[in-house]
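Quick caveat: nothing in here was measured; it's all calculated off a predicted structure. Basis for what follows: all heavy atoms, side chains included, without hydrogens, waters or symmetry-related copies.
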Amino acid sequence: MNMEGLIKGKVAGVLAKLYNQQIDPEQVQVQLTRSEFEGDYTVMVFPFLKFSKKSPEATGTEIGEQLVAALDEVGAFNVVKGFLNLVISNGYWIGRLNEAISDASYGFKPVTDQSELVMIEYSSPNTNKPLHLGHIRNNLLGFSLAEVMKANGYKVVKTNIVNDRGVHICKSMVAWQKLGNGETPESSGKKGDHLVGEYYVKFDQLYKKEIASLIASGKSEEQAKEEAPCMVETREMLIRWEANDPEVRQLWKTMNGWVYKGFDETYKMLGVDFDKIYHESDTYTLGRDEVLRGVREGIFQQESDNSVWANLEADGLDKKLLLRSDGTSVYMTQDIGTAQIRFKDYPIDHMIYVVGNEQNYHFQVLSLLLDKLGYKWGKDLYHFSYGMVELPNGRMKSREGTVVDADDLVAGMIDVARSVSLELGKLDGYSEAEKENIYRIVALGALKYFILKVDPKKTMTFNPEESIDFNGNTGPFIQYTYARIQSILRKAAESALSVPAVASVQTLVPKERSLLKVIARFPEVVREAGAEHSPAVVANYVYDLVKEFNSFYHDHSILNEQDVLVRDFRLALTKTVGNVIRNGFSLLGIEVPERM
RNA sequence: GGUCCGGUAGCUCAAUGGAUAGAGCAACAGCCUUCUAAGCUGUAGGUUCUUGGUUCGAGUCCAAGCCGGAUCACCA
């Protein structure tokens with residue numbers, strides 16, 4: 001049991017003994033003592049006053065005396081107002097370090113055959129335009145969440161549902177047919193996803209032009225939008241696509257192929273991957289079958305124009321369209337099919353959808369619909385609803401050209417990392433390839449940390465005018481600390497010093513002690529990150545750890561320490577901090593460099 | 001309009017109902033003959049949107065209001 005649990009149980013026992021009061025140990029409030037007070041753990045005594053009928057100070061003192069007598073690890077206590085501060089022995093903290101020193105997966109729970117399986121859907125791009133900053137947040141959160149869940153002992157299947165069909169895809173196809181002149185990624189040298197994205201934009205321009213000329217010829221705006229030739233063509237193309245028209249299918253395959261090649265490059269650069277990829281084009285018919293079953297069973301209603309609806313008014317929601325009057329599928333339809341096939345493919349215990357909070361309503365509806373269709377897991381779907389990334393003046397708008405492209409952003413970050421690194425000139429002796437790899441690690445560290453340190457639920461702001469910082473509370477700051485640690489360990493090895501498997505000092509200076517306490521928190525941080533579904537918990541912890549280490553590093557010498565026992569202890573401490581940084585960052589999908 | 005989410009230092013973000021609300025950036029002042037200065041130390045910066053309520057104790061919970069955003073599509 002951890003120290004907090006131990007204290008809670010003991011306090012409950014003491015309350016029974018002193019005041020004849022039974023209380024659930026979980027009701028005892030224990031927290032880490034704030035650094036400005038002496039002590040390690042603090043027990044709130046305010047809630048006990050109604051039992052003790054004494055002052056907070058007297059109550060705290062009584063309980064404190066009992067705890068010192070009952071627990072070896074509690075060496076002393078002090079009471080400030082209603083706060084009972086417990087001082088834990090050095091031996092306990094050193095013992096916690098000794099657990100961590102040689103455990104390569106310190107803080108992680110093992111995954112076993114009995115582990116529950118969690119499927120995490122993330123990324124889920126449309127194949128009509130390249131990935132942008134919003135997708136980056138999704139991808140980083142999804143990948144990190146998968147690592148966090150693994151560290152909490154779950155089997156994880158990462159999945160990606162590619163939205164590869166639908167009107168939006170047909171729009172870029174129509175535009176390419178009309179305006180493309182046979183342009184390909186090879187002929188133009190453009191990355192495939194970017195090329196297709198350009199035609200999606202061109203479609204929009206053409207559409208607007210056609211609407212304008214129809215309005216000029218006397219049509220109403222509504223009519224114009226309906227009758228614009230390129231839109232008519234798009235709708236026809238979607239129907240031909242669903243009817244398996246060979247010509248349309250061929251064009252679709254070709255253009256999607258370009259996009260996939262582009263996406264693969266971006267995914268690889270971001271360091272994210274998937275265990276199983278589903279395509280909407282494979283699942284939407286399953287969804288349609290399910291919807292039609294729902295109609296037969298009276299769960300859904302078919303209107304006279306053939307469109308199918310779910311009436312969710314009894315659940316406090318609206319009516320929801322499931323099939324259009326022309327029989328084609330909508331977004332919701334394919335999500336039903338995808339859910340069904342996934343649960344057929346895997347023994348899923350928990351399903352997590354990493355999708356932006358703009359789709360909260362969609363997932364509320366999806367969960368209800370699956371439930372109505374008779375799937376017992378419908379109600380249990382978990383929508384990991386993260387906040388949007390905004391620019392200083394609001395959302396990214398493709399019409400205003402303010403979309404921050406994922407590839408451009410990463411390339412820009414690498415440029416910054418390169419110039420910072422060249423200026424500092426600490427990579428002498430590395431080959432160009434090794435240097436470029438460091439620039440990449442640092443650049444992605446900066447970007448990933450910047451995004452993941454923010455509470456996923458919250459909207460966050462990104463300013464493309466100011467490049468992401470490399471100093472202060474940043475990824476490179478943490479990577480730098482790791483690199484320093486490795487430098488010390490290399491020097492130790494050169495001097496034939498080995499890191500002891502067990503630390504055997506008796507006394508600790510204050511900065512050693514606070515560092516030990518931060519290291520000891522790591523397993524709980526991993527657990528909390530899993531329970532809260534929050535990589536930010538890990539990011540903020542690693543920052544705390546690193547700040548604490550740098551302060552220690554500044555004040556105390558490690559290799560030049562004269563007392564051999566202290567030197568060896570500090571080596572063990574230093575190595576362990578490095579391991580925790582690496583493990584913590586691995587949960588965020590961030591690499592750490594040996595030098596920088 | 002209905003529903004949901006948010007509002008903390010100039011900016012970007014922290015803070016299981018607990019002590020004097022913390023970091024970083026930006027500003028200012030120091031620290032490299034010493035294990036990597038992408039570092040360390042200090043100064044300054046706050047009506048936690050407002051008003052009530054619950055509580056021994058509220059940035060945190062409740063209610064109302066103000067401001068901002070999302071969503072309620074035969075878009076995804």
For A/D164 and A/T127, does a side-chain donor sit closer than 3.5 Å to a side-chain acceptor?
-> no
How does each nucleotide of [range] score, in 5' to 3' order, for protein heavy atoms under 4.0 Å: base (B), sugar-phosphate only (S), or none (-)?
range	result
nucleotides 67-76 of chain B	--SSSS-BSB
nucleotides 56-61 of chain B	B-----
nucleotides 23-31 of chain B	SSS------

Is the closest basic N to carboxylate O distance between A/D40 and A/K517 below 4.0 Å?
-> yes
Result for 5'-nearest mapping on RNA chain B, choosing between A/E594 and A/K453, is A/K453
Remember a base hit wins even if backbone is also touched, and classify [X] as base, sugar-phosphate or nothing at under 4.0 Å, heavy atoms.
X	result
A/E303	nothing
A/F477	sugar-phosphate
A/N463	nothing
A/K457	nothing
A/V454	sugar-phosphate
A/E36	nothing
A/S385	nothing
A/D164	nothing
A/V30	base

Qualifying ring-ring contact (aromatic ring centres under 6.0 Å, His included) pairs with a residue from residues 24-60 of chain A, counting only residues at least two apart or across chains = A/F46-A/F83
Which residue pairs pass the ring-ring contact (aromatic ring centres under 6.0 Å, His included) test when at least one of the two sits in residues 461-496 of chain A, sequence neighbours left out?
-> A/F450-A/F462, A/F477-A/Y543
[N] versus [M] - spacing of their [atom1] atoms, nearest Å:
N	M	atom1	answer
B/A58	B/U43	C1'	31 Å
B/A70	B/A21	C1'	29 Å
B/G30	B/U20	P	34 Å
B/G17	B/G57	C1'	8 Å
B/U34	B/A19	P	43 Å

What's the shortest heavy-atom distance between [X] and [Y], and which atoms?
X	Y	answer
A/V538	A/G584	CG1-O, 3.5 Å
A/T574	A/I485	O-CG2, 3.4 Å
A/K435	A/L427	CE-O, 3.4 Å

Is there a Watson-Crick or G-U wobble partner for [N] with both distances under 3.5 Å, and if so, which one is it?
N	answer
B/A37	none
B/G45	none
B/U50	B/A64

From B/C35, B/A19, B/A14, pick the nucleotide closest to the side chain of A/L559?
-> B/C35
Winner on side-chain proximity to A/S557, out of B/C35, B/A14, B/U36, is B/C35
Stacking here means centres under 5.5 Å and planes under 30°; does A/Y480 stack on B/G39?
-> no
Using the aromatic ring of A/F83 (for Trp, its six-membered ring), decide whether it stacks on the base of B/A19 within the limits of 5.5 Å and 30°.
-> yes
So, A/Y353 versus A/Y382, ring centres under 6.0 angstrom or not?
-> no
Distance flag, aromatic centroids of A/H168 and A/Y200, threshold under 6.0 Å | no
Would you call B/C32 syn or anti, using the 90° rule around 0?
-> syn
Indicate yes or no for a side-chain donor-acceptor contact from [X] to the backbone of [Y] under 3.5 Å, with no hydrogens or angles considered.
X	Y	value
A/R324	A/V330	no
A/K53	A/K50	yes
A/N357	A/N360	no

Hey, does the side chain of [X] come within less than 4.0 Å of [N]'s phosphate (OP1/OP2), counting only N and O?
X	N	value
A/R484	B/A37	yes
A/K81	B/G18	no
A/N550	B/C40	yes

Please name all residues satisfying salt bridge (charged side-chain N to carboxylate O under 4.0 Å, His left out) with A/R288, sequence neighbours left out, ordered by chain then number.
-> A/E242
